[in-house]
Amino acid sequence: MKKSLFALSFFLFSVAGFSQNNKISIIPQPAVLRPGVGSFQVNRSVAIVIAPKQPELLKIANMLNAALSKATGFTLNIENADRKGAIHLTLSPDEALGKEGYNISVTPEAISIIGNAPAGLFYGMQTLLQLMPKEIESKKVVADVKWMVPAVQINDRPRFGWRGLMLDVSRHFFTVDEVKAFIDDMARYKYNLMHFHLTDDQGWRLEIKSLPKLTEVGAWNVKKTGRFNYFSAPADNEPRDFGGFYTQEQMKELIRYAKDRYVDIMPEIDVPGHSLAAIASYPDLSCTPGTYKVNSGDPFMDWHNDGTFTARIDNTLCPANEKVYNFLDKVFTEVAALFPFEYVHMGGDECAKNFWEKSAEVKALMQREKLKDMHEVQSYFVGRVSKIVGARGKKMMGWDEILEGGLVKDASVMSWRGMKGGIEAAKMGHEVVMTPTTHAYLDYMQGDAAIEPPVYATLRLKKAYEFEPLPEGVDPKLIKGGQANLWTEQVYNTRHMQYMLWPRAMAIAEAVWSPKQSRNWTNFVGRVESHFARFDVADRKYAPSIYDPAIKVSKNQKGALLLDFETEIEGLSVHYSFDNSFPDNHYPAYTRSSVEVPVDAAPLKVVTYRAGKQVGRMMVVGIEDLRKRVK
Ligand code: ACM
């Protein structure tokens, strides 16, 4: 299908797809979806048919079998000859599908998935699995389910080539198997790029053979329990045995595992800020002599109200010290040799300058290189890193701070402090990935602070769903795509990792895969809810925050507190109490006019119902906490 025809068919058929909400719930929404009549039953007599002598097709067929067999209890024959009652996986040249597009046809007689390239077949397989009953997500055999696939025609291909999800393994280390599960979850939603944040103040996670202390020392801190950044400073005798790292062999295994799922891994070595783990390993890398410890989550940076910040402990590499560039040459040489992906990310974010300002070495560097301020010092540093990375055959990417003091030639920018850095970089002809905090930061709270684990900012699902990676007025070719980021300061285990990711990572997946004109919040929520049911079967966690209201507080002229409850989704009734009892749907319902808090009110308790069933969590907020919310 030609490009224009592809777009036209979206307009013709997408509406039909929307109306199939209960039956067909694909995330991300395919470009074109036409429901058919009847369904195809997958049973033991069905075969997967592929062309002979095609190892990549065989790999995908085996993956399909692995995904089907857990719940069905049977494995399909993989055959080479065409026959009735088959799932065909076919490679067929079709430029309109690009590298990652696919067509699916499901009729009562057969299923056919066609890709122009293997990645397309892999994504077609993901769509096929989402077309199957939710029980297919079960890790155990489910009896009494007919494995019906509704008849449908789907033509699909991604809007962007860069569909990223960042995982921070520095703040909290996740094992190889845990990262593999993360990659599996990414692939389900057609993400193709894992940005691996491998180094930070709290841990260095990658073996660098020429610099063994990075992992002997830098990978370990003191285990603390509670709220990150509020921990007490560790005593000298507390064991530094919390953390871990990936050997290069383990990293190769992860790269292979990801590649098999059409996911590239981009490593990030975050310099010159966020470098305490490296400095604890090699203190000479700092401009400030001293002994350093890997941070364990106790506060050491001050974040000021005007958006500036200072470090109490120097966590920056010294830009005026040639040893630092020798160090980085060793690091990036090994990193470039290990990771096949074309980009290496060098961080560049949130570099405190207060220790550089005091350094005689930095002053001398400024004079020698005619650098007029600290931004230009950082730009000099980034330029040196760019030469090292370029000499190893890689393109360099950095957070949008690398624009400050002058963006170095050929650097690509990851725009996180909003879209403006990305727009500026694209206007200068640089490649850009958009990942603004406003829409794509999955470490933020996804609901009201009264119920969510506390974080300093909020990003609700609806806002994430509004993410539009392509700003007006820039060359679309320079906007490679978009990405969501999971920072893990407050993520201590994989269950909470899942809670923070889902469903917001579904919203971002749709922003980077589906045609812009297909975006429809109400339709999306319907599909998200059917994916919740699939997550329940899979025993994967997700945040139910869409069912909880946001509580808005104001004051009337008499000084009484007024409450309003905002819900993200339609059809919820909000019930509340101020008398210490648990409200249910027999309690007063919020009617969109503000509720006055009684003078002697006990803590607010509030909960949502839908069609007579509790859907929200019981939220409890003290009156003093409500009062603090008044602007
Ligand atoms: C960042 O969030 N510091 C890139």
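We count ligands from 1, going down the list as the structure has it; atoms in each ligand are counted the same way. Throughout, numbering of the chain's residues begins at 1 and tracks the sequence.
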**Fill in**
Within 4.0 Å of some non-hydrogen atom of W487, the atoms of ligand 1 are 1 (C), 2 (O), 4 (C)
**Request:** Evaluate the side-chain proximity of Y262 to K190: yes if any heavy-atom separation is below 4.5 Å, no if none is.
**Result:** no
**Message:** Does any N or O of ligand 1 fall below 3.5 Å from an N or O anywhere on E350, backbone included?
**Reply:** yes
**Prompt:** When H195 is tested against each of W399, F341, F182 for ring-ring contact (aromatic ring centres under 6.0 Å, His included), which residue passes?
**Reply:** W399
**Complete:** Exactly one of K552, R460, R617, R629 clears salt bridge (Lys or Arg N to Asp or Glu O under 4.0 Å) with D448, and that residue is R629
**Item:** Nearest neighbour of atom 3 (N) of ligand 1 from the list T437, D349, D443, T435, on a heavy-atom basis
**Value:** D349
**Item:** Pairing of K353 and E357 as salt bridge, 4.0 angstrom limit
**Value:** no
**Request:** Check each atom of ligand 1 against the heavy atoms of Y441 and keep those under 4.0 Å away; list them by number with element.
**Result:** 1 (C), 2 (O), 4 (C)
